[in-house]
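Each remark here refers to the structure printed beneath this line.
Any value given below was found using the heavy atoms of this structure, including those in side chains, with hydrogens, waters and symmetry copies removed. A note on names: the letters A, B, ... follow the listed sequences, proteins ahead of strands, and every chain is numbered from 1.
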Amino acid sequence: MASIVSVNSLSVAYRSGGRDVPVVREVSLEVAEGRTLALVGESGSGKSTVAATLLGHLRHGSRITGGSVRVDGRDVFALSARELRRLRGGTVAMVAQNAGHALTPSMRIGKQIEEVGGDVPVVELLEQVRLPRPAELARRYPHELSGGQQQRVAIAMAVAARPKLLVLDEPTTGLDVVTQRSVLDLIAALRDELGLAALLVSHDLGVVAHLADEVTVLRSGRAVESAPTRKLFAAPEDPYTRRLLASVPRLDDAGLALVGEAGEREVRPKAGVAADAPVVLCARDVTIDYGRTRAVHGVSFDVRRGEVLALVGESGSGKSTLAWTLAGLRTPSGGTMTHEAGDLNPPAHRRPLPLRRRVQLVFQNADTSLNPRRSVGEAVRRPLRFFGTATGRTDAAERARQLISDVRLDPALADRLPAQLSGGQRQRIGIARALAGEPDVLIADEITTALDVSVQADVLRLLDDLRRERALACLFISHDLAVVRGVADRVLVLRHGVVVEEGPTEAVFAAPGHPYTRQLMAAALEPDPDAPTFVEDVAEWEDAAAPDDLWTDHGDGHRVRRWSPVNAPIAEGVS
Amino acid sequence: MLSFLARRIAAALGTLFLSSVLVFLAVQALPGDVATQVLGKDATPDAVAALRGQLGLDRPAWERYADWIAGATHGDFGTSLVSSRPVGGEVSSYLGNSALIALVTVLFAVTGSVVLGILAGLYRDRWPDHVISTAALVGMSVPEFVVATVLVLCFSVALPWFPAVVLYGPDATVGQLLPAVWLPALALAVVMAAYIVRMTRTSVIDVMAGEFVTTARLKGLSTWRVVTRHALPSALLPTLHVIALNVAWLAGGVAVVENVFNYPGIGKLMLSSVQNRDLPVIQAIALISAVVYVVCNLAADLGAMALNPRLRTRGRTR
Amino acid sequence: MTTLAAAPAAARAWRTLRTSRTAVLGLAVVAVHVVIAVLAPLLTSYDPIANDPAQALLGPSPEHWAGTDQYGRDVLARVLYGGRYALGVSVAATVLTVALGTVIGCAAALRGGLFDDVLGRVLDAVLSVPSVLALLVVVTALGTGPAVIVLAVAVVYVPQVVRVVRGAALAVVPADYVTAARARGEGTWSILRREILPNITDVVYVEFAMRASWVVLLISSLSFLGFGADPPTPDWGLMVAENRTAITVVPMASLAPIIALATLVVGLNLAADGLSKAWGVDRIREGS
């Protein structure tokens with residue numbers, strides 16, 4: 001089969017401070033017509049840079065330092081401006097990561113698709129990407145669409161001129177699980193229907209396993225391994241690939257996977273909670289409002305000492321709102337929240353100091369949770385002094401160094417500024433800062449979402465270790481079911497601020513009772529092209545909970561909100 | 001859409017109300033009221049008191065404020081202490097003359113500076129940018145009176161193309177004033193353009209680095225189309241309010257320049273009324289300037305609505 | 001702690017200066033102006049305010065490098081001394097303006113709500129009156145002393161500084177490290193000082209340099225109009241006003257103060273530009 005893309009020992013560098021910094025080093029790859037190649041790598045691997053060269057695009061300040069890129073038989077970087085435009089318009093098209101930023105805010109959807117050229121009417125294109133009421137949608141502006149719809153529009157725009165090759169740069173990152181799944185399915189269907197070749201850039205091995213025919217793994221700008229997808233996932237050869245694959249949490253891991261240097265994988269059984277462990281945190285019928293909209297609706301749960309309770313849900317489920325409220329950053333409009341040591345309903349500054357320090361929050365994004373102008377040592381020392389857990393200045397400094405080494409970092413890092421640390425190191429400092437108050441409840445709000453998969457594995461392991469060492473109760477908030485399966489003792493599934501299912505992790509994963517839980521599990525992508533779907537059927541449903549009869553009880557604390565099946569099909573593409 | 005507009009108009013009226021109170025209070029705080037100004041320093045206290053009663057100055061401040069505002073809405077700002085003519089008529093004849101300068105300035109400065117700013121932004125860090133940016137830096141570093149003086153030196157003294165000073169009073173016709181408009185307008189335009197150029201440049205650079213511009217490029221569109229259809233609507237958005245502020249600034253900015261050229265405009269009237277403590281005139285000018293400020297900002301809001309569909313489609317849901 | 005905080009700050013300042021030639025150039029120009037103003041008596045033997053009718057309206061010569069004005073005063077001496085008034089009043093006015101503006105701006109950003117709304121309206125109302133007119137009114141009411149002018153400039157420019165600082169602080173307030181401090185239950189003042197101020201110092205410094213250039217311009221315009229420095233104070237704006245009519249006879253008498261004024265403002269602007277570029281402060285977008 002003929003190659004539509006042939007990249008030959010390509011090297012790219014950008015100039016910084018008068019020096020050339022290589023971002024891509026001698027990468028070669030081929031994409032055959034009608035086939036899909038995935039470029040996999042963690043942040044900084046140069047995967048997006050390589051992808052953009054297929055359209056003859058380089059970031060400001062970057063240049064080609066060696067090699068060539070040929071698309072459809074033509075050397076992309078030797079084309080004249082006019083020829084390059086024709087290439088971009090007709091032969092290669094790109095779907096960018098964040099459609100919300102990639103669509104021009106001041107131009108109607110239809111106009112943006114139309115100006116690509118091509119002979120397919122806009123309405124037909126919008127139908128093709130399964131968008132409802134295409135004629136009306138074409139007259140809308142991007143901000144009037146949901147994230148999933150925007151991404152579908154971006155895809156329609158890409159296929160408008162019927163190109164031969166699609167470049168997909170993290171096409172579903174940032175979308176919710178269910179939306180991600182439907183967008184991926186759409187991409188796969190369109191690709192087959194139109195016979196397109198594709199270059200898929202992704203950090204998500206699940207997405208890759210689902211979509212790609214071949215895979216090239218990039219690390220620090222170098223291709224470390226290239227193989228057909230099945231072969232790569234079944235028998236990875238390079239140690240880095242093996243580690244990468246082993247680091248991905250699986251839906252069927254009964255505990256946390258510990259990954260060795262060579263990529264060997266060992267699932268550590270969960271610590272378990274002592275039968276007589278006291279309840280440290282108790283929420284009853286908590287309701288939280290944002291102005292007139294209700295974000296959390298009558299949620300109740302207990303967390304016992306040494307227990308990890310996971311709050312699972314998509315964006316808008318109210319899980320982070322709940323976390324922030326427990327941390328005292330908002331006040332609930334109804335219900336009660338209590339800690340062993342006192343009432344948690346008042347905001348943080350009204351809680352007594354000894355109570356305040358015992359419930360601590362770790363933030364999702366370690367990049368913004370540390371003050372960029374203060375050393376990380378100061379970030380840890382401040383709560384030590386503020387909560388009075390350290391007695392004097394020297395004691396605080398000593399304790400801070402201890403805490404930093406407790407989170408498996410070199411205490412010498414204490415004098416660094418956050419910008420001088422890696423993302424994983426910053427997140428560890430975030431945890432150390434939370435530990436400084438000597439809490440017994442740790443609220444972890446999506447703490448690994450922004451991290452690369454291998455770093456995520458390390459941070460999860462740290463969290464698991466700490467919980468064993470300190471008998472911490474932990475409220476673990478996540479959208480990632482596989483991660484939850486590995487760390488949580490109990491699970492609470494939230495949808496639109498309402499708990500639809502709760503129970504021991506094993507019970508919920510073994511027999512998910514609510515269709516929404518099943519839908520989440522069905523949408524999850526395993527890093528294995530031959531993985532059987534975790535959940536087969538998802539019923540159409542509607543809520544059937546009555547005020548005095550909310551739950552179907554499955555025993556052992558596993559209960560499911562009442563629902564009843566409906567037969568009406570859900571309109572496709574509405575996300 | 002309507003709610004956005006309604007809120008902006010309400011805010012503008014609020015601002016206007018506050019400014020009028022502020023102006024009124026500030027003038028009240030000036031030493032000496034109208035009666036002492038009219039009668040002079042040597043007047044007997046009785047005479048001053050009598051005049052106060054006659055002018056209604058002994059009434060409470062809020063009543064006088066209400067009177068003043070009520071009059072102002074009909075164009076009645078009281079009587080000038082210097083010329084004894086109605087302030088409204090006097091101010092409007094000066095204002096008309098200044099409007100002539102303002103019109104020419106805005107026309108040239110705004111269009112010219114936006115075009116230059118876009119050029120500088122598109123040719124970032126290359127020679128057109130260096131030339132334009134340096135000129136803008138110099139333009140904003142030199143006070144108006146210096147620009148005006150240099151212009152006189154060049155185009156009235158060295159090359160006698162334009163008059164250095166105006167010899168007509170406030171009642172001059174447009175025809176009489178027209179030759180004298182260009183130099184003051186140019187002086188104001190230089191200062192005003194500098195800010196707009198810089199703002200436009202920054203904004204264009206920002207937007208051109210944005211993801212949607214990259215996407216538009218990668219769609220294979222021509223540079224012209226990418227710039228005019230995709231980048232500019234977003235790039236001009238933040239520029240609008242800077243333009244509005246600068247146009248509003250003209251209301252005060254003309255003071256110096258008109259003084260240099262002896263041009264019979266509102267700025268010159270402002271100076272002389274401050275010198276003569278002609279309180280009703282000062283009040284009127286301040287209020288009119290506030291109106292200009294508020295109107296310019298409202299116009300910018302309207303422009304923003306035209307450029308930003310988010311502001312227009314607020315009511316519609318997903 | 002102080003040493004720890006000071007070391008990175010100093011290192012950063014040094015790095016900034018090394019990378020931004022624009023900033024270095026601007027700061028150097030300003031520094032030269034300061035040195036000249038301080039050392040003026042050593043640089044010229046002429047008295048800047050002594051009249052000498054016999055020497056009136058002379059062109060440049062070895063005795064009077066920049067000539068003399070209509071009263072026979074040495075133009076160079078007046079220009080050298082003129083920096084004292086311009087710099088002294090401008091620096092005082094800028095410090096006051098930026099300090100007040102920073103405090104109010106931060107408070108508005110942190111408190112938000114009604115306080116912020118009302119403040120915004122009041123500031124808008126102040127802004128709606130032309131600064132020249134406001135300044136003239138204050139000066140007529142209270143006299144033309146330097147203290148009055150400093151005060152008047154503060155009244156006119158504080159609203160604009162508040163807007164800029166408020167914008168910068170608003171960008172910091174939602175950051176997670178501020179949230180973390182709030183979750184600890186720290187007080188408003190402590191959050192302001194520990195978390196917010198360190199992250200907007202760049203904006204404040206750049207605003208200071210920028211605002212100083214505006215203040216110099218405004219004060220010289222005021223002097224030019226006859227409402228600023230009282231004759232015979234050596235002041236650049238006043239000198240241009242005095243010598244403008246004789247510009248064809250002794251051009252240097254007008255040009256010398258113009259050059260002094262322009263170089264000072266260009267220096268301040270270059271410094272502001274260079275610093276904002278080196279620190280990534282987008283001061284124009286911050287809403288002035």
Please walk me through it: do C:Val137 and B:Val27 pass side-chain contact (heavy atoms from CB on, under 4.5 Å)? CA-CA 8 Å; C:Val137 169; B:Val27 171; 5.7 Å; no
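- Of residues 252-266 of chain C, those residues with a non-hydrogen atom less than 4.5 Å from any non-hydrogen atom of chain B are, in numerical order, C:Ile258, C:Leu261, C:Ala262, C:Val265, C:Val266.
- Chosen from B:Val21, B:Val260, B:Val138, the residue pairing most often with chain C at heavy-atom distances under 4.5 Å is B:Val260.
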Take C:Phe224 and B:Glu144 through the test side-chain contact (heavy atoms from CB on, under 4.5 Å) and record every step on the way to the result. CA-CA 10 Å; C:Phe224 175 81; B:Glu144 303 97 288; over 6 Å; no
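- Residue contact with chain B, scored on non-hydrogen atoms closer than 4.5 Å, is absent for C:Leu222.
- Looking at C:Ser131, there are no atoms closer than 4.5 Å to chain B (heavy atoms on both sides), in backbone or side chain.
- Neither the backbone nor the side chain of C:Val138 comes within contact range of chain B, judged by heavy atoms closer than 4.5 Å.
- Highest contact tally toward chain C, considering only B:Ala11, B:Ala251, B:Gly267, is held by B:Ala11 [criterion: heavy-atom pairs under 4.5 Å].
- Nearest heavy atoms, B:Leu137 versus C:Asp273: CD1-OD2, 4.0 Å.
- Your options are B:Val142, B:Ile285, B:Val256, and the one with the most heavy-atom pairs under 4.5 Å with chain C is B:Val256.
- C:Arg244 touches chain B through its side chain: at least one heavy atom from C-beta onward sits under 4.5 Å away, while N, CA, C and O do not.
- To the nearest 0.5 angstrom, B:Leu22 atom CG is 7.5 Å from C:Ser128 atom OG.
- B:Val294 does not touch chain C: none of its heavy atoms, backbone or side chain, sits under 4.5 Å away.
- Between B:Ser19 atom OG and C:Asp124 atom CG the span is 7.5 Å, to the nearest 0.5 Å.
- Counting non-hydrogen atoms of neighbouring residues, nucleotides and ligands closer than 6.0 angstrom, the CZ atom of B:Phe162 exceeds 12 such neighbours.
- For B:Ala255 against C:Val132, the heavy-atom pair with the smallest separation is CB-CG1, 4.1 Å.
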With side-chain contact (heavy atoms from CB on, under 4.5 Å) as the criterion, how do C:Val129 and B:Tyr293 come out once you've worked through the C-alpha distance, each side chain's angles and the decisive distance to 0.1 Å? CA-CA 8 Å; C:Val129 179; B:Tyr293 175 88; over 6 Å; no
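- Between the OG atom of B:Ser273 and the CG atom of C:Leu136 there is a distance of 9.0 Å, given to the nearest 0.5 Å.
- For chain C, the nearby parts of B:Ala286 are the backbone and the side chain; heavy atoms of each come within less than 4.5 Å.
- Looking at C:Ser213, neither its backbone nor its side chain comes within 4.5 Å of chain B, counting heavy atoms on both sides.
- Looking at C:Leu225, C:Leu217, C:Val240 one by one, the single match for side chain to side chain contact (heavy atoms under 4.5 Å, CB included) with B:Phe145 turns out to be C:Val240.
- A distance of 4.5 Å separates CG in C:Asn269 from CE in B:Met140, rounded to the nearest 0.5 Å.
- When heavy atoms are compared at a cutoff of 4.5 Å, C:Val122 approaches chain B by way of both its backbone and its side chain.
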